[in-house]
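Everything on this sheet refers to the single structure shown next.
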Amino acid sequence: MKALHHILLLTTTFCSSYALATDQTTGSNFNLSGNVALASDYRWRGQTQTKNDAALQGNFVVNHSSGFYAAAFASNVDFGDEAHLELDPYIGYTIPIHLAKFQPTLDLGMLRYNYIGKSDLNYNEYYLKMIISNVLNDSDSFTPSISYTPQYGGKATRQNVGENVNNWYFNFLYSSPIAQTNFATVASLGYSKASQAIYGGTAKDHFFDWKIAANYNYRPMNLNAELAAIGTDLDHTGYSDSNQKGVKTAAVFSLTKSF
């Protein structure tokens with residue numbers, strides 16, 4: 001509850017700042033956008049970050065016409081330790097590319113996983129995405145991406161394993177509207193590969209995660225409702241029932257308000 005209170009304060013502050021920034025940046029090279037979401041579970045790469053409980057989240061982005069952007073993501077978390085709030089700043093640069101009939105956008109950036117109250121978990125991750133629109137039909141989107149960190153899990157993992165663990169993450173994300181409706185489908189497949197066997201009950205150095213979802217966008221309010229099936233192939237030998245549920249495929253419902 002304390003973490004949720006912190007996020008509510010952050011959301012209120014960001015929304016107030018947004019209203020002020022909107023007046024100040026009219027006609028300028030900057031644009032502020034974002035969203036606030038309520039989800040039945042916070043799943044990151046298929047794994048629960050809230051012990052299967054609900055999450056209140058916010059994501060805010062300041063874009064410049066040059067392609068540079070700065071942003072922040074916030075959510076409550078629960079790992080059974082001192083960390084109850086995740087606050088991740090990230091920066092990046094987008095570059096439009098001309099490629100045959102497609103005009104993809106290249107997105108390069110760095111994200112800082114930052115856990116308030118448990119700094120040993122903090123670490124940086126670097127990512128490269130290619131966002132391709134109108135691949136199979138109008139208004140669809142295909143986004144392959146690669147992420148890399150030389151210190152997965154921060155100091156906590158290094159102390160546990162005895163050395164820094166580097167990790168690669170590969171993901172394919174596809175979304176498409178359904179005909180001429182406000183409904184859409186989303187499919188995602190991810191693959192994590194670490195330099196050490198750190199994943200699952202019987203530890204391996206890799207695992208897959210996935211997501212299949214349907215959503216509905218209520219345009220007058222910029223409100224999006226999504227129902228998703230999210231999971232992993234992580235081995236859960238020796239896991240408690242709660243921990244097994246946190247990596248198995250499960251239904252996750254979310255409501256997101258964009259502005």
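- With sequence neighbours excluded, the residues forming a ring-ring contact (aromatic ring centres under 6.0 Å, His included) with Phe183 are Tyr216, listed by chain and number.
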Under 3.5 Å, side-chain donor or acceptor atoms of residues 166-178 against the rest of the protein: list the pairs with distances, not counting sequence neighbours.
from   : atom 1 : to     : atom 2 : distance (Å)
Asn167 : OD1    : Tyr199 : OH     : 2.6
Tyr169 : OH     : Asn171 : ND2    : 3.2
Tyr169 : OH     : Asp209 : OD1    : 3.2
Tyr169 : OH     : Asp209 : OD2    : 2.9
Asn171 : ND2    : Ser188 : OG     : 3.0
Asn171 : ND2    : Leu189 : O      : 3.3
Tyr174 : OH     : Asp140 : OD2    : 2.7
Ser176 : OG     : Asn137 : OD1    : 3.3
Ser176 : OG     : Asn137 : ND2    : 3.4

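- In this structure Tyr115 satisfies the ring-ring contact (aromatic ring centres under 6.0 Å, His included) test together with Phe79, sequence neighbours excluded.
- Qualifying ring-ring contact (aromatic ring centres under 6.0 Å, His included) partners for Tyr93, counting only residues two or more places apart in sequence or in other chains: Phe68.
- Distance OG/Ser145 to NZ/Lys129: 6.0 Å, rounded to 0.5 Å.
- For residues 153-163, the pairs satisfying side-chain hydrogen bond (donor to acceptor under 3.5 Å, both in side chains) are Glu163-Gln196, with sequence neighbours left out.
- From Ile97, atom CD1 reaches atom CG of Leu106 across 4.5 Å, with rounding to the nearest 0.5 Å.
- Pairs of residues two or more places apart, or lying in two chains, that qualify as salt bridge (charged side-chain N to carboxylate O under 4.0 Å, His left out) and include a residue from residues 221-231 are Lys211-Glu226.
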Report, one line per pair, each donor and acceptor closer than 3.5 Å where one atom sits in a side chain of residues 245-259; sequence neighbours left out.
from   : atom 1 : to     : atom 2 : distance (Å)
Thr249 : OG1    : Trp210 : NE1    : 3.1
Lys257 : NZ     : Met221 : O      : 2.5

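- The salt bridge (charged side-chain N to carboxylate O under 4.0 Å, His left out) test applied to Lys118 returns Glu82, not counting sequence neighbours.
- Residues that satisfy the ring-ring contact (aromatic ring centres under 6.0 Å, His included) test with Tyr218, not counting sequence neighbours, are absent from this structure.
- Aromatic ring centroids of Tyr90 and Phe73 lie 6.0 Å or more apart.
- Not counting sequence neighbours, the partners of Asp205 by the salt bridge (charged side-chain N to carboxylate O under 4.0 Å, His left out) test are Lys193.
- Residues Phe30 and Val62 have side chains in contact (heavy-atom distance under 4.5 Å, counting atoms from C-beta outward).
- Evaluation of the salt bridge (charged side-chain N to carboxylate O under 4.0 Å, His left out) test over residues 33-57, restricted to residues two or more places apart or in two chains, returns Asp41-Arg43, Arg45-Glu125.
- In this structure, CG on Asn124 lies 8.5 Å from CG on Leu111, to the nearest 0.5 angstrom.
- Under the salt bridge (charged side-chain N to carboxylate O under 4.0 Å, His left out) criterion, Asp88 pairs with no residue at all, not counting sequence neighbours.
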